[in-house]
Amino acid sequence: MTEKFSFTLHATDGKARTGVIHTPRGEIRTPAFMPVGTAGTVKAMMPESVAATGADILLGNTYHLMLRPTAERIDRLGGLHRFMNWPKPILTDSGGFQVMSLSGLRKLTEEGVTFASHVDGSKHFLSPERSMEIQRLLGSDIVMAFDECPALPADETRVAESMRLSMRWAERSRDAFGDRPGHALFGIMQGGVTPELRAESAEKLTEIGFDGYAVGGLAVGEGQEAMFGVLDYAPGFLPEDRPRYLMGVGKPDDIVGAVERGIDMMDCVLPSRSGRTGQAWTRRGQVNIKNARHMDDPRPLDEHCSCPACRNYSRAYLHHVFRAGEMISGMLLTWHNLHYYQELMQGLRDAIAAGRLSAFVAEFHALRAEGDI
Ligand SMILES: CNc1nc2cc3c(=O)[nH]c(N)nc3c(CCc3ccccc3)c2[nH]1
Ligand SMILES: [Zn+2]
């Protein structure tokens, strides 16, 4: 068990890397997929079940938790790990992204952002300093700098101004974070789809110095082609001995493409959110279990999958409980999707370690039929 935060690279295959992030609360195998536990829970999952899928770390949200039950209350109750019964590492976002996408009535200044809670309309304020304090009260192991992610489409001038504000906020985040052994602070690169702006952002972050670096400002509607276009160069602008975290990504083929381009960590609500709507992700593509053609199908979702949903239930049963609106439906599909995502990550880690990533990626695409299976 280590008392400090460090990243060990074990192998590379092209631009792809595999390694381990060491934290006092445990190891994170990379490339890693991090399930999102927004309000202190991965929806429809017990923490033990999330751990059983193979997740080494999960995400919490400063924005949601500061509104309800508040960071001060969670601190008084022993911190977020104790509160939500998840003893392994937790990464929390800094809140700015969620303010812009969720809250009402906002005012953005150099100082920070004031906004109305989407829960009860009450007024709140976030700044680099306040975000660092909230994430410290929550006790998260990996803290994200407070940034601004511009809504797309945005013209280059707006993207440049927003990125430069985020870089000034990154410096204030670093200063406010202070020296916290065993806890990490990650900077977030912005700059839209403009290489020069991405380079300027990476330079500034590297100069300030962070324990890890996120590629922000993507997965906001730009589409996979534009996202991969940025990922063809942006990760390479970041220090290669530190973890690189692509925020908000994504579908299985987004994840494979991001890992090929040098990304080490990813998060997405997709496997849990789509699981609750009956959308299953499998090695052969997507299954919409609510489709009538599954009504009499005795086969499992995926005969190769070892998750509880695939081991113990038929497509017919899953179809039935979704149609009947039974709670077990979201539980089983979420478990399956998170299990599938973790199996995909294990496959990527093994392939990179064995120097056979291109063969793995070719097989990944060959197996995936288009549309519903
Ligand atoms: C879905 N697409 C998506 N693009 C993102 C861009 C950014 C960005 O540029 N800056 C920050 N700070 N966060 C972003 C997020 C939220 C990721 C998250 C959610 C929940 C918990 C912990 C972390 C994004 N999510
Ligand atoms: Zn399964």
Side-chain angles (χ1 to χ4, degrees), residues 34-40 42-43 52-54 57-65 80 90-102 113 126 128 131 135 138 140 142-152 159 162-163 166 169-170 173 186-192 198 201 213-223 227 230 234 245-251 254 258 265-273 275 280-284 287 289 299-315 318 332-344:
M34 308 182 285
V36 181
T38 296
V42 177
K43 291 178 173 48
T53 65
I57 176 172
L58 63 79
L59 300 188
N61 233 313
T62 289
Y63 171 78
H64 295 77
L65 294 169
L80 186 56
I90 293 177
L91 180 153
T92 45
D93 200 7
S94 42
F97 180 82
Q98 290 77 23
V99 166
M100 303 321 266
S101 50
L102 286 172
V113 57
L126 264 182
S131 177
Q135 296 181 75
L138 296 174
S140 48
I142 301 179
V143 169
M144 299 309 293
F146 187 70
D147 66 330
E148 206 236 341
C149 171
L152 289 186
V159 169
S162 171
M163 180 272 287
S166 287
W169 283 358
S173 298
F186 278 25
I188 304 177
M189 179 209 267
Q190 293 292 346
R198 286 279 174 186
S201 181
Y213 298 83
V215 179
L218 292 177
V220 286
E222 75 281 355
M227 181 177 78
V230 173
Y245 164 25
L246 174 59
M247 305 188 90
V249 173
K251 298 191 305 303
D254 296 333
M265 302 160 76
M266 285 152 285
D267 84 86
C268 192
V269 294
L270 192 63
S272 34
R273 184 176 294 170
W281 297 85
T282 76
R283 78 198 59 238
R284 289 184 43 246
V287 177
I289 201 64
R299 296 174 307 158
L301 263 185
D302 179 343
E303 59 276 5
H304 297 285
C305 182
S306 61
C307 89
C310 295
R311 268 203 323 270
N312 307 318
Y313 301 92
S314 65
R315 288 179 180 215
L318 294 171
L332 289 172
L333 259 279
T334 300
W335 193 323
H336 166 79
N337 285 346
L338 291 176
H339 177 100
Y340 169 65
Y341 265 61
Q342 293 302 339
E343 269 204 347
L344 176 61

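Each ligand, and each atom within it, is numbered from 1 in the order the structure gives.
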**Asked** Just heavy atoms, cut-off under 4.0 Å: does M144 contact ligand 1 by side chain, backbone, both, or neither?
**Response** neither
**Asked** To the nearest 0.5 Å, how far apart are OG1 in T62 and CD in Q98?
**Response** 8.0 Å
**Request:** Check ligand 1 against G217 and write out every atom of the ligand that is under 4.0 Å from a heavy-atom position of the residue.
**Result:** 6 (C), 8 (C), 9 (O)
**Item:** Nearest option to atom 16 (C) of ligand 1, as decided by whichever heavy atom of T92, T62, D93 sits closest
**Value:** D93
**Item:** Exam field: side chain R198 to backbone G192, donor-acceptor pair closer than 3.5 Å
**Value:** yes
**Request:** May I ask you to check if ligand 1 and A219 share an N or O to N or O distance below 3.5 Å?
**Result:** yes
**Item:** Other residues, nucleotides, ligands: >12 heavy atoms within 6.0 Å of R283 CZ
**Value:** yes
**Asked** Which ligand 1 atoms, with their elements, are less than 4.0 angstrom from a heavy-atom of G60?
**Response** 21 (C), 22 (C)
**Prompt:** So, the side chain of N61 versus the backbone of T38: is there a donor-acceptor pair under 3.5 Å, distance only?
**Reply:** no
**Request:** Give a yes/no verdict on whether any heavy atom in Y245 is under 4.0 Å from an atom of ligand 1.
**Result:** yes
**Asked** T92 side chain to V143 main-chain N or O, any donor-acceptor pair under 3.5 Å?
**Response** no
**Asked** What distance do R273 atom CZ and N337 atom CG have between them, rounded to the nearest 0.5 Å?
**Response** 13.5 Å
**Complete:** Atom name of the N, O or S atom of H336 nearest to the Zn ion (ligand 2) is ND1
**Asked** What do you reckon, does L59 have a nitrogen or oxygen under 3.5 Å from a nitrogen or oxygen of ligand 1?
**Response** no
**Request:** Specify side chain, backbone, both or neither for I188, according to which of its non-hydrogen atoms lie closer than 4.0 Å to ligand 1.
**Result:** side chain
**Message:** Quick one, I188 and W169 - any side-chain contact, counting heavy atoms below 4.5 Å?
**Reply:** no
**Request:** Kindly compute the distance separating NE2 (H336) from CZ (R311), expressed to the nearest 0.5 Å.
**Result:** 13.0 Å
**Item:** Check: T334 side chain, G275 main-chain N or O, donor-acceptor pair, under 3.5 Å
**Value:** no
**T38 contact mode with ligand 1 (heavy-atom cut-off under 4.0 Å)** = neither
**Message:** Could you tell me, atom by atom, which parts of ligand 1 come under 4.0 Å of a heavy atom of C149?
**Reply:** 8 (C), 9 (O)
**Request:** Pick whichever of L218, V249, D267 has a heavy atom sitting closest to atom 4 (N) of ligand 1.
**Result:** L218
**Prompt:** How wide is the angle at the Zn ion (ligand 2) between SG in C305 and SG in C310, to the nearest 10°?
**Reply:** 110°
**Item:** Protein contact of atom 7 (C) of ligand 1 - nearest heavy atom, named by residue and atom, plus distance
**Value:** F97 CD1, 3.5 Å
**Fill in**
So OG of S131 and CE of M144: to nearest 0.5 Å the spacing works out to 10.0 Å
**Asked** Among Q98, M266, H64, which one has a heavy atom closest to atom 19 (C) of ligand 1?
**Response** Q98
**Prompt:** Which word best sums up how the rings of W281 and Y341 line up, parallel for under 30°, tilted for 30 to 60°, or perpendicular for over 60°?
**Reply:** perpendicular
**Asked** How does F146 reach ligand 1, by side chain, by backbone, by both or by neither, if only non-hydrogen atoms under 4.0 Å count?
**Response** neither
**Request:** Could you tell me whether a side-chain N or O of S201 sits under 3.5 Å from a main-chain N or O of M189, the two making a donor and an acceptor?
**Result:** no
**Complete:** For atom 10 (N) of ligand 1, the closest protein heavy atom turns out to be D147 OD2, 2.8 Å
**Distance-only N or O hit between ligand 1 and Q190, under 3.5 Å** = yes
**Asked** What part of S94 sits under 4.0 Å from ligand 1 if we count only heavy atoms: the side chain, the backbone, both or neither?
**Response** side chain
**Message:** Please list, in number order, the atoms of ligand 1 under 4.0 Å from a heavy atom of N61.
**Reply:** 20 (C), 21 (C)
